[in-house]
Amino acid sequence: MGKTAKPRLINDFLYGILTGNPVLVLMIGLCPVLAVSTSVFNAVGMSAAFAFVLFFSNLVVSLLRKFTPDEIRIPVFIIVISTFVTIIDYIVRAYSPELQKQLGVFLPLIVVNCIIIARAEAFAYKNTVVSSILDAFGTSVGFLIVMVVISVIREFLGTGGLSSKIILNKPVLFMIMPPGGFVTIGLLMGVLTHIKLKKQKQ
Amino acid sequence: MFTKVLSYTLRLTILCVAAAFALAVVYGKTEPMIEEQTRKIEDQAQKEVLPAADRFEKVNEDYSLAFDKEGNPAGEIVKASRQGYGGQIKIMAGIDNEDKVVGIKILEHSETPGLGDGIAKENFTRQFGGKAAPEIMLKRDGVGIDAITGATISSRACVEAVKKGLDYIKQYGQNGETKVNK
């Protein structure tokens, strides 16, 4: 601890946003990203549910580090993750049936979201509780930013406006279908790589 | 070796029990709210599909009788579902005393966003108002309802669900009897 501990914690937080952004850099967990990023409301709702599950899964997995032998760590992760996914499913059903209707099957499917199990396996299982919480926050913020950017682009081009305010007369229906999601993610990755290469040259 | 297996089993058991306990607590807390939400949505929908009615009397899960302020029969409410493009489409229809559709509402669907989900929008559902059973079909099959461009399967499934509801009333509807009784 001491002086060197601080930058490390900041790094734990920033990793998920920049260098280890789950969607644009690691390219994992793309299925819910494609399916749910058709409108900003859905994207934010999905990100919130995702953040809830990731926070508690990282927290509990890092708390149970000493309790969990290597051989049974995967079943332990699965039990922890599925418990919190079920909890958030009940909560969303109880408080926002509208959101539940929109997210549909992708809410219970967070249970197999590889970002969450990847963070449990690669980070929370090997790090302290504080680091794991920061990692969960960072990854959630990274996920949220990407989801919002993608959904703004797709909702705007696909429906002709944002939150049913129509600006474009001829919406590009394609953008709201799954291929539109792939194209948007691809373009964002291209932009990111372009920026990275430019920085490297300098 | 044996103690290892025993220890793993014990650890997983403890974890599962803890998880089950947590879920039971959350379920107990949210279940009444979830039921309340579903009921609220359906109550709201009943009033929307049959504005003339004031009181509803449930006959069974999918069928209710409606009465106006004076207690006279004001029509019937029927629920029906049909396989759409992306899953089950569940509709609620309000039927007046002449067996004409007053209004319909989509209770549940998982049609493609931006295409098939148009069936849940006012522009599509209001077409059903004032139509009797023979007119409940897509225009391309005869007369009646304009399908949503690019979403014929969803539109047709919705039409067929409404038809199913009307068929139910034709077979089991109690509207005639209630009229006599009151």
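So that the names make sense, note that chain A is the first sequence line, chain B the second, and so on, each numbered from 1. Here the structure is a predicted model, which means the values were calculated and not measured.
- When all heavy atoms of Thr30(B) and Tyr90(A) are compared, the closest pair comes out as OG1-CB, 3.5 Å.
- Of the two parts of Phe84(A), neither the backbone nor the side chain holds a non-hydrogen atom closer than 4.5 Å to a non-hydrogen atom of chain B.
- Heavy-atom contacts from other residues, nucleotides or ligands closer than 6.0 Å to NZ of Lys58(B) number more than 12.
- By the 6.0 Å contact criterion, OH on Tyr85(B) is open, its count of non-hydrogen atoms from other residues, nucleotides or ligands being 12 or less.
- When all heavy atoms of Arg11(B) and Pro69(A) are compared, the closest pair comes out as CD-CD, 3.8 Å.
- Proximity to chain B (any heavy atom under 4.5 Å) is restricted, for Thr68(A), to the backbone atoms N, CA, C and O.
- Counting non-hydrogen atoms of neighbouring residues, nucleotides and ligands closer than 6.0 angstrom, the NZ atom of Lys164(B) exceeds 12 such neighbours.
- For Leu107(B), the part lying near chain A is the backbone, with the side chain staying farther off; criterion is any non-hydrogen pair under 4.5 Å.
- For Lys4(B), the part lying near chain A is the side chain, with the backbone staying farther off; criterion is any non-hydrogen pair under 4.5 Å.
- Atom NZ of Lys29(B) is separated from atom CD1 of Ile87(A) by 12.0 Å, given to the nearest 0.5 angstrom.
- With a 6.0 Å radius and a threshold of 12 heavy atoms from other residues, nucleotides or ligands, Phe174(A) has its CZ atom above the threshold.
- Judged by distance alone, the side chain of Gln37(B) and the main-chain N or O of Ala94(A) form a donor-acceptor pair under 3.5 Å.
- Within the 4.5 Å cutoff, side-chain heavy atoms of Cys16(B) are placed close to those of Ile79(A).
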